[in-house]
Amino acid sequence: MGTTEVGWESVVSRRMARHHLTTPAASSPADVVRAMCGAHAQVLSAAEVSVALRLESATRVDIQRALWDDRTLVKTFGPRGTVHLLPAEDLPLWTAAFSALPRSGSARPESMRMTHNQTDQVIEAIGAALSEDELTIDELSEQVVARAGSWAGDLVMPAFQEFWPRWRQAIGTAAQAGVLCYGPNRGRKATYSNPQRFTPFEPENGEEALSEILRRFLHAYGPATPQQFAKWLATSPAVIAKLFAATPELREVELDGKPAWLVDGDSELPKERASGVRLLPYFDAYAVGSHPRELLFPGKAWTRALAGGQAGNYPVLLVDGLVAGVWHQRRAGRKLQVTVEPLRRLRAADLRDLDDQVSRLGEILDATPALTIGEVTVGGHA
């Protein structure tokens, strides 16, 4: 029996539905973030829009409440070591999965390095320091040096126009160990906290957790290849190739003439084509995680909406599930000016949908929006 060929339009329709972009969900922010396999949150305001637009009638205030009041969401380091929102109750799964991955990144000069024992000491110090309150980076640094030793405070890490203390290279590792996350900003300053303060947990089995993350990824972004999953995690393709080979429930299909995989039993594809217009903010998970890039960003979108092949640096206009333009917002008081630059001719129905999307954006941000269709003259977000 030959490999089943799947159509690109059906794949787009499946992904749009799984991301709650076809029909907004009548559920919670945590449920939506789980469906996305995390929401990129380096620009937190963009993450708030990403999640809210996937929910019925939600606003950015609802996402903020889930983060800082209900604590059902956590802002922490996620896939690729970048800042994400993750469901709080899924932290045991994510931290275990990260622990099963090899440590990545180029080796630091010997003068900066920490031994495994020193890293463990820093992680323990971070967890203890954050166990009772949120701390700014300077407050946390003082606590870590006091607990771990003066060596942790050696200014050896070049950073912009200054040097950071040695211990700071372990911040991401501490998050992946489940003892560090972000707290609410204190004025303009970021704070850190320990997620165990709100939901104590023990990490799960690493290999089993990584397999579950793979299944969730294929549910949201499949069909996909080992290389695409490895890129999404920013980890070794060889490790992920072994993971695919060791996961018996995967089913091989053919997409765009190349092999890709789904989870057997979760391989249904909709017959209806995705339709309508959506405005996705910076680093939206749908644009960042979906492949093949050349199919998702067709024609002019390849050069206009990607930053050197990197998805997410531009807010994108989706038409029928494909990137068909870029957009930008500028706020002044309660007024929100939205400029949309289509890269193809919009149909009358698309223009009506676009008006609805701009109105929805205004609801999410509690602003009065105005739409301009024209060239976006600002650059992408670094």
Side-chain angles (χ1 to χ4, degrees), residues 18 27-41 47 51 63 65-104 116 119-134 170-184 191-221 229-230 232-236 239-240 242-243 246-247 249 263 266 285 289:
R18 298 289 172 90
S27 56
S28 68
D31 288 337
V32 164
V33 171
R34 182 177 297 110
M36 300 162 69
C37 293
H40 195 297
V51 179
I63 314 308
R65 185 180 301 115
L67 259 175
W68 311 126
D69 298 332
D70 303 337
R71 304 285 180 174
T72 55
L73 289 177
V74 176
K75 181 184 175 186
T76 186
F77 293 85
R80 302 176 301 285
T82 53
V83 181
H84 276 69
L85 302 185
L86 297 173
E89 67 178 20
D90 288 353
L91 277 183
L93 176 74
W94 282 100
T95 54
F98 292 139
S99 73
L101 298 174
R103 292 184 180 179
S104 59
H116 288 303
T119 301
D120 290 342
Q121 290 181 56
V122 167
I123 292 172
E124 182 178 353
I126 289 172
L130 296 174
S131 62
E132 295 183 359
D133 201 0
E134 289 90 20
I171 283 183
T173 308
Q176 293 176 352
V179 298
L180 177 143
C181 65
Y182 283 87
T191 70
Y192 297 91
S193 185
N194 187 333
Q196 306 268 1
R197 291 174 57 199
F198 311 104
T199 310
F201 65 89
E202 295 292 334
E204 300 177 4
N205 176 275
E207 296 298 333
E208 293 176 2
L210 189 56
S211 293
E212 175 60 20
I213 294 297
L214 171 59
R215 286 188 286 269
R216 293 187 181 193
F217 176 82
L218 292 177
H219 181 83
Y221 300 96
F229 185 54
W232 182 74
L233 282 173
T235 193
S236 162
V239 168
I240 298 304
K242 291 179 181 178
L243 174 66
T247 307
E249 64 266 38
V263 176
D266 182 33

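These numbers come from the heavy atoms of this one structure, side chains and all, not from hydrogens, waters or symmetry mates.
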H219 and V263: CA distance, side-chain angles, deciding distance, side chain to side chain contact (heavy atoms under 4.5 Å, CB included) verdict: CA-CA 7 Å; H219 181 83; V263 176; over 6 Å; no
Yes or no on side chain to side chain contact (heavy atoms under 4.5 Å, CB included) for R71 and T199, after CA distance, side-chain angles and deciding distance? CA-CA 9 Å; R71 304 285 180 174; T199 310; 5.8 Å; no
Give the intermediate values and the outcome of side chain to side chain contact (heavy atoms under 4.5 Å, CB included) for residues L130 and V179. CA-CA 8 Å; L130 296 174; V179 298; over 6 Å; no
E134 vs R197, side chain to side chain contact (heavy atoms under 4.5 Å, CB included): CA-CA, chis, key distance, verdict: CA-CA 10 Å; E134 289 90 20; R197 291 174 57 199; 3.0 Å; yes
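In this structure, OH in Y192 is found 10.5 Å from OG1 in T76, a value given to the nearest 0.5 Å. Rounded to the nearest 0.5 Å, atoms CG (L210) and CD (E208) are 11.0 Å apart. Rounded to the nearest 0.5 Å, atoms OG (S28) and CD1 (I63) are 9.5 Å apart. Interatomic distance, E204 CD to L91 CG, rounded to the nearest 0.5 Å: 10.5 Å. The line from OG1 of T72 to CD of E89 is 9.0 Å long, rounded to the nearest 0.5 Å. Atom SG of C181 and atom CG of L67 lie 9.5 Å apart (nearest 0.5 Å).
Using a 4.5 Å heavy-atom threshold, the side chains of V83 and Y182 count as touching. Taking the side chain as every heavy atom from C-beta outward, W94 and F77 never approach each other to under 4.5 Å.
When every heavy atom of G38 is checked against every heavy atom of L86, the shortest pair comes out as CA-CD2, 3.8 Å. A pairwise comparison of heavy atoms in S27 and D31 identifies CB-OD2, 3.6 Å as the closest pair. Closest heavy-atom contact between T95 and A175: CG2-O, 3.9 Å. Closest of all the heavy-atom pairs between I213 and A97 is CG1-CB, 3.8 Å. Contact record, C37 with A220: SG-CB, 4.3 Å, taken as the closest heavy-atom pair. Minimum heavy-atom separation, A174 to I126: CB-CD1, 3.8 Å.
No donor-acceptor pair under 3.5 Å is formed between the side chain of N194 and the backbone N or O of L180. With hydrogens and angles ignored, the 3.5 Å screen pairs a side-chain donor or acceptor of Y221 with a backbone N or O of M36. Judged by distance alone, the side chain of Q196 and the main-chain N or O of S131 form no donor-acceptor pair under 3.5 Å. With H84 contributing its side chain and T82 its backbone, the two residues share a donor-acceptor pair below 3.5 Å. Under the 3.5 Å distance criterion, the side-chain polar atoms of N205 are matched with a main-chain donor or acceptor of E207. For S99 (side chain) and G206 (main-chain N/O), no donor-acceptor pair under 3.5 Å exists by modelled atom type.
Between F229 and W232, the ring-plane angle classifies as parallel under the 30° and 60° cut-offs.
Classification of D266 and R216 as a salt-bridged pair fails, no side-chain N sitting under 4.0 Å from a carboxylate O.
Around CD of E212, the count of heavy atoms belonging to other residues, nucleotides or ligands within 6.0 Å exceeds 12.
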